[in-house]
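Following: one structure in structure tokens, then a few remarks.
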Amino acid sequence: MNRSYKEMSKEISDKDKELLCLNKATILNRMIDDLPQASRSNIEILEWLPDDGKLPVEYSSYESSFGKVLIANTPKGVCYLGIGIDESGYVSTDFNKRFGYARPVESETPQQKEALDFLNGKRNGWLIFHLKGTPYQTEIWRRLIRIPYGKVISYATLAGDKKHSRAAGTANGRNPIFYLVPCHRVVCSDGKFDRYSWGKEVKKRLLAWEFANSKDL
């Protein structure tokens with residue numbers, strides 16, 4: 001990458017820089033109407049089965065190029081990756097809501113370190129996600145990993161039908177994987193931003209960073 005995410009994070013705090021990176025014309029110019037048939041991300045998403053609630057969950061915190069993250073996994077794959085661990089306790093609260101029933105154990109695992117490598121741009125082999133959600137949510141998350149780097153889509157494109165944009169947006173918001181399942185690449189059809197699980201400012205910085213570092217500027 002030409003510029004690191006941390007460098008872009010500092011720049012985007014300047015409102016003039018934000019306007020240059022994220023004005024409506026830029027967003028609309030980056031918007032695609034059709035998703036590629038396959039993902040280039042080397043990620044596979046496994047559906048959560050009824051008996052998977054019996055599986056143990058392990059978690060640990062790490063420093064990444066995006067800041068401090070919490071990564072968790074079941075024996076089948078990584079089930080959670082959250083950013084923004086701070087005094088608000090959002091990540092721990094969200095994580096406990098999803099997996100508190102399993103009494104997760106704090107422990108570093110190879111699966112977590114593989115996810116950390118992917119997050120830091122070292123993508124060797126395949127990364128397996130084991131995500132807890134409805135069949136519809138899982139389908140939406142699989143569509144998300146097909147969005148190319150440096151591009152955005154609308155909620156209608158994500159849904160495949162404008163009538164189901166709201167349902168797709170709700171499923172998008174339930175995505176438990178920061179960045180690697182790129183729900184930040186979905187915006188309103190008019191190019192405007194809306195809410196983002198990890199914070200609207202984080203979404204702006206992520207897109208500004210991707211736009212600045214992708215080849216088709």
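What you are looking at is a predicted structure, and each value in this text was computed from that prediction instead of being measured.
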| query | With Glu108, which residues qualify under side chain to side chain contact (heavy atoms under 4.5 Å, CB included), at least two apart? | reply | Ser60, Tyr62, Gln112, Lys113
| Partner set under ring-ring contact (aromatic ring centres under 6.0 Å, His included) for Phe95, not counting sequence neighbours | Tyr59, Tyr80, Phe99
| query | Between Arg185 and Glu210, is the closest basic N to carboxylate O distance under 4.0 Å? | reply | yes
| query | Same hydrophobic cluster for Ile128 and Leu180, using side-chain heavy-atom links shorter than 4.5 Å among ILVMFWY? | reply | no
| query | Are the aromatic ring centres of Trp126 and Phe118 under 6.0 angstrom apart? | reply | no
| query | Is there a chain of hydrophobic side chains (I, L, V, M, F, W, Y, each step under 4.5 Å between heavy atoms) that links Leu46 to Leu127? | reply | no
| field | Asp34 CG: over 12 foreign heavy atoms closer than 6.0 Å | value | no
| For the residue pair Phe178 and Phe66, does the interplanar ring angle fall in the parallel (under 30°), tilted (30 to 60°) or perpendicular (over 60°) class? | perpendicular
| remark: Quick note, salt bridge (Lys or Arg N to Asp or Glu O under 4.0 Å) partners involving residues 158-183, not counting sequence neighbours, are none
| Does some side-chain heavy atom of Asn73 sit less than 4.5 Å from a side-chain heavy atom of Val57? | no
| task | Report the relative orientation of the aromatic rings in Trp209 and Tyr179; use parallel for angles under 30°, tilted for 30 to 60°, perpendicular for over 60°. | result | tilted
| Sequence-distant partners of Ala168, side chain to side chain contact (heavy atoms under 4.5 Å, CB included), two or more places apart | Tyr136, Ile140, Leu158, Ala159
| field | Residue pairs involving residues 123-139 (criterion salt bridge (Lys or Arg N to Asp or Glu O under 4.0 Å); sequence neighbours excluded) | value | Glu139-Arg143
| field | ILVMFWY cluster, Leu70 and Val105 together (side-chain gap under 4.5 Å) | value | no
| note | The remaining residues in the hydrophobic cluster of Leu55, counting side-chain heavy-atom contacts under 4.5 Å among Ile, Leu, Val, Met, Phe, Trp and Tyr, are none
| request: Tell me whether the guanidinium CZ or amine NZ of Arg30 lies under 6.0 angstrom from the six-membered ring centre of Phe211 and within 45° of its axis. | output: yes
